[in-house]
Amino acid sequence: MSPEPPSPGLGFLAPDIDVQAACVAACVRASTVCSVTADACLDEDGVADLRVVIRLLLDCVDVLTATSTVLSRHFGSLPAAVGTLLSACADLSATCADEVERSAPIEHGQRCVDECRRAADACDALVGATISARTSGRRR
């Protein structure tokens, strides 16, 4: 009996659907917290000084949302594009965490930092799992 070809759906990119689902969940959580954090920054007295971090938070919301949306549906024909999106999401989430930690004085800023770092780690884990599965699955 010959092995089944990879599914063109959710399992095509991720060798383990749990890794993919964890990444989607982490991106959704981080997106929500980034949005709340940006809104809270707007209520700060020195809002003008927070323009850079607010814009970064909003960019992060957009990229996290796009990543979770793409990972939640069929993308089997574009694994390279999904890998690029995951890498960009990991980079932006880590940058956002660093900037919020450095410059956002709001009370719940640490939650944003933590969720962004979790999202970055989850994206990196999914990229790593995918590369590992593809490398080990190659014919020699």
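Since the model is a prediction, treat every value here as computed from it, not as a measurement.
Taken to the nearest 0.5 Å, the CG atom of L42 stands 8.5 Å off from the CG atom of L50. With rounding to the nearest 0.5 Å, the separation of CG in L56 from SG in C34 is 8.0 Å. The structure places CZ of R111 at 11.0 Å from SG of C116, a figure rounded to the nearest 0.5 Å.
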Using a 3.5 Å cut-off and no angle test, enumerate the donor-acceptor pairs between side-chain atoms of residues 63-70 and protein atoms at least two apart in sequence or in another chain.
| from | atom 1 | to | atom 2 | distance (Å) |
| --- | --- | --- | --- | --- |
| T65 | OG1 | S31 | OG | 3.0 |
| T65 | OG1 | V61 | O | 2.8 |
| T67 | OG1 | V63 | O | 2.8 |
| S68 | OG | L64 | O | 3.3 |
| S68 | OG | T65 | O | 3.0 |
| T69 | OG1 | T65 | O | 2.8 |

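With a 4.5 Å cut-off on side-chain heavy atoms, D121 and R118 do not count as touching. Proximity of D114 to V33: side-chain heavy atoms (C-beta onward) are nowhere separated by under 4.5 Å. Proximity of C27 to C123: side-chain heavy atoms (C-beta onward) are separated by under 4.5 Å at one or more points. The shortest side-chain heavy-atom distance between L57 and C41 falls under the 4.5 Å cut-off.
When the side chains of ILVMFWY residues are joined at heavy-atom separations under 4.5 Å, either directly or via intervening members, V82 and V127 end up in a single hydrophobic cluster. L92 and L58 are assigned to two separate hydrophobic clusters, defined by single-linkage of ILVMFWY side chains at heavy-atom distances under 4.5 Å.
Of all non-hydrogen atoms in V24 and S72, the two that sit nearest each other are CG1-OG, 3.5 Å. Closest approach of L86 and C23 over heavy atoms only: CD2-SG, 3.8 Å.
No donor-acceptor distance shorter than 3.5 angstrom exists from the side chain of E115 to the backbone of A26, with no hydrogens or angles considered.
Among residues at least two apart or in separate chains, there is no side chain to side chain donor-acceptor pair (under 3.5 Å) pair with a member in residues 36-64. Applying the side chain to side chain donor-acceptor pair (under 3.5 Å) test to residues at least two apart or on different chains, the pairs with a partner in residues 89-101 are D98-R117, E99-R102, E99-S103, E101-R117.
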